[in-house]
Amino acid sequence: MKSKLMLLLFFGGVIIYILLMHDSGNKKISNAITFKEKLSVYGLFSGPMERLEPAPDVEILELGSTLFTDYAEKQRLVKLPKGKIMRATGNGLPRFPDGTIIAKTFYYPFAGKKHRQLIETRLLIFQDGLWNAATYQWDAAQKEAILQENGATVPVRFADKEGKIRRVNYKIPAQQDCSSCHRSGNELVPIGPTIRNLNIEVISNAKSQNQLLYLREKGLLNYKQTDHFDTTPDYHNILLPVEKRARAYLAMNCAHCHQPTGMAGRKSLNLDFATAYLNTGIRYNKQHILERTAIMGAYHMPKLGTTVIDTAGVALIKRYILSLK
């Protein structure tokens with residue numbers, strides 16, 4: 001009788017543990033700060049805001065590979081507190097000083113017009129050792145962006161890079177949705193600006209220069225001169241091997257969830273670019289990847305930020321999966 005009771009207690013404990021883990025895995029992460037009502041308060045831009053000209057103490061960041069978001073173009077900015085610096089400690093995210101602001105503005109070129117339609121600007125603010133996230137929706141006059149906590153849908157008509165006219169119902173995420181992608185364990189974190197993804201050639205001062213070196217010379221980033229960093233390939237570059245391009249695409253569009261500390265961390269896929277192929281789970285989930293990247297609806301991936309299919313991305317992943325033995 002005693003052994004049966006012990007067995008029941010054991011299995012009961014296991015069930016409770018699983019339920020707690022499931023609950024914590026779906027728990028929304030709340031902000032620890034109150035965001036300002038207007039984007040202009042943060043002083044990210046110089047002159048009329050719609051020009052997206054960075055203020056003198058704000059720096060543009062460019063990435064080797066990016067997230068697909070319904071063909072939207074993006075400007076990425078970082079604003080460090082005066083006298084503070086980012087520190088590279090490997091290929092992952094740099095150590096950001098307290099008070100750092102990272103901003104990403106999503107916009108479309110108007111079809112047949114020279115100017116652009118600004119949709120939203122997302123902010124990540126690092127305060128007291130924690131990241132906080134918010135979204136600002138640009139007004140119809142394109143003069144200001146207002147804090148948007150509940151999400152919104154914005155119809156957009158634009159011309160893509162091939163000149164094709166497209167229409168999308170762009171979805172601005174609700175504030176509580178930020179943790180779906182920006183989650184690492186029980187905290188929010190940036191996704192794109194890893195050292196690996198920043199380690200690319202950029203045009204600065206009318207010359208081509210490595211971005212890490214450029215940031216170091218400006219006194220914004222610290223690393224040892226002897227440090228060696230990897231690079232995330234540009235998955236748009238057709239001159240690169242399909243495997244590298246596809247792994248970069250999966251890393252930028254899927255790995256924010258499909259990695260050990262992400263929302264899908266308990267799944268069988270780890271799509272971080274640094275993960276060795278044999279440890280990614282790609283080999284055993286080929287059909288799953290094909291299905292989830294090629295469909296829309298309740299089960300499409302990624303869950304947020306897309307309402308239309310990235311046909312070029314799907315073609316790349318399909319070509320990669322079919323090449324695997």
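This is a predicted model, so every value here is computed, not measured.
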Exercise for the section: Would you check, one step at a time, whether the test side-chain contact (heavy atoms from CB on, under 4.5 Å) holds for Val156 with Gln117? Expected result: CA-CA 8 Å; Val156 181; Gln117 180 178 0; 3.8 Å; yes
Transitively linked via ILVMFWY side-chain contacts under 4.5 Å: [X] with [Y]?
| X | Y | value |
| --- | --- | --- |
| Leu213 | Val202 | no |
| Phe68 | Leu316 | yes |
| Ile85 | Tyr214 | no |
| Tyr277 | Leu269 | yes |
| Leu63 | Leu220 | yes |

Looking at [X] and [Y], would you say the former's side chain and the latter's main chain have a donor-acceptor pair under 3.5 Å?
| X | Y | answer |
| --- | --- | --- |
| Asn253 | Tyr249 | yes |
| Asp227 | Lys224 | yes |
| Asn197 | Pro193 | no |
| Arg247 | Thr275 | yes |
| Asn132 | Leu130 | yes |
| Gln209 | Gln211 | no |
| Ser65 | Pro233 | yes |

Exercise for the section: Please assess Met86 against Asn222 for the test side-chain contact (heavy atoms from CB on, under 4.5 Å), listing each intermediate value before the final yes or no. Expected result: CA-CA 6 Å; Met86 298 179 287; Asn222 182 47; over 6 Å; no
Can you tell me if [X] and [Y] form a side-chain donor-acceptor pair at under 3.5 Å?
| X | Y | value |
| --- | --- | --- |
| Glu144 | Ser40 | yes |
| Thr231 | Asn199 | yes |
| Lys74 | Thr69 | yes |
| Asn169 | Thr153 | no |
| Glu201 | Ser208 | yes |

In Å, rounded to the nearest 0.5 Å, how long is the span from [atom1] of [X] to [atom2] of [Y]?
| X | Y | atom1 | atom2 | answer |
| --- | --- | --- | --- | --- |
| Leu212 | Glu217 | CG | CD | 11.5 Å |
| Thr280 | Asn270 | OG1 | CG | 7.5 Å |
| Lys286 | Ser323 | NZ | OG | 9.0 Å |
| Leu61 | Lys104 | CG | NZ | 11.5 Å |
| Ile282 | Glu243 | CD1 | CD | 8.5 Å |
| Leu124 | Thr100 | CG | OG1 | 10.5 Å |

All N/O donor-acceptor pairs, side-chain side in residues 91-98, below 3.5 Å, sequence neighbours left out:
| residue | atom | partner | partner atom | Å |
| --- | --- | --- | --- | --- |
| Asn91 | OD1 | Asp230 | N | 2.7 |
| Asn91 | ND2 | Asp230 | OD2 | 3.3 |
| Asp98 | OD1 | Asp128 | N | 2.9 |
| Asp98 | OD1 | Gly129 | N | 2.9 |
| Asp98 | OD2 | Asp128 | N | 2.8 |

Hydrophobic side-chain clustering at under 4.5 Å (ILVMFWY, transitive links): who's grouped with [X]? Put none if nobody.
| X | answer |
| --- | --- |
| Leu322 | none |
| Tyr284 | none |
| Phe35 | Ile33, Leu39, Tyr42, Leu44, Phe45, Met49, Leu52, Val58, Ile60, Leu77, Ile101, Tyr107, Leu118, Leu123, Ile125, Tyr136, Trp138, Leu147 |
| Ile238 | none |

Practice task
Give the C-alpha distance, both sets of side-chain angles, the deciding distance and a yes or no for side-chain contact (heavy atoms from CB on, under 4.5 Å) between Leu215 and Glu59.
Solution key: CA-CA 9 Å; Leu215 292 171; Glu59 191 64 45; 3.9 Å; yes
Handout entry: Heavy-atom check, side chain of Ile146 versus side chain of Gln137, under 4.5 Å
Key =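 No, side chains not in contact.
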Practice task
For residues Phe106 and Glu73, determine if any side-chain heavy atom of one lies less than 4.5 Å from a side-chain heavy atom of the other.
Solution key: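 No; the side chains remain at least 4.5 Å from each other.
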Exercise for the section: Take Arg122 and Glu120, measure what salt bridge (charged side-chain N to carboxylate O under 4.0 Å, His left out) needs, and give me the verdict at the end. Expected result: CA-CA 7 Å; Arg122 300 178 189 177; Glu120 62 164 323; 2.9 Å; yes
Problem - Cation-pi geometry met for Arg166 and Tyr71 (6.0 Å, 45°) - result: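 Yes, Arg166 lies over the aromatic ring of Tyr71.
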Problem - Quiz item: cation-pi between Arg216 and Tyr223, 6.0 Å / 45° - result: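 Yes, Arg216 and Tyr223 form such a contact.
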Exercise for the section: Could you please spell out the steps behind the side-chain contact (heavy atoms from CB on, under 4.5 Å) verdict for Ile102 and Arg76? Expected result: CA-CA 7 Å; Ile102 296 177; Arg76 297 168 179 83; over 6 Å; no
Exercise for the section: Carefully, step by step, assess Glu50 and Lys143 under the rule salt bridge (charged side-chain N to carboxylate O under 4.0 Å, His left out). Expected result: CA-CA 6 Å; Glu50 67 270 20; Lys143 302 296 184 183; 2.9 Å; yes
Exercise for the section: Scan for side-chain hydrogen bond (donor to acceptor under 3.5 Å, both in side chains) pairs involving residues 233-242, sequence neighbours excluded, and state none if there are none. Expected result: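 For residues 233-242, and leaving out neighbouring residues, the side-chain hydrogen bond (donor to acceptor under 3.5 Å, both in side chains) pairs sorted by first residue read Asp234-His236.
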Handout entry: Nearest heavy atoms of Arg157 and Ile165, plus distance in Å
Key =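 Shortest heavy-atom contact: NE-CG2, 3.8 Å.
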Practice task
Check Leu250, Asp310, Val242 against Ile317 for a side-chain contact (heavy atoms from CB on, under 4.5 Å) and give me the one that passes.
Solution key: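 With Ile317 as partner, side-chain contact (heavy atoms from CB on, under 4.5 Å) holds for just one option, Leu250.
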Exercise for the section: Return the orientation label for the Tyr108 and Tyr170 ring planes: parallel under 30°, perpendicular over 60°, tilted otherwise. Expected result: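 Judged by the thresholds at 30° and 60°, the geometry between Tyr108 and Tyr170 is perpendicular.
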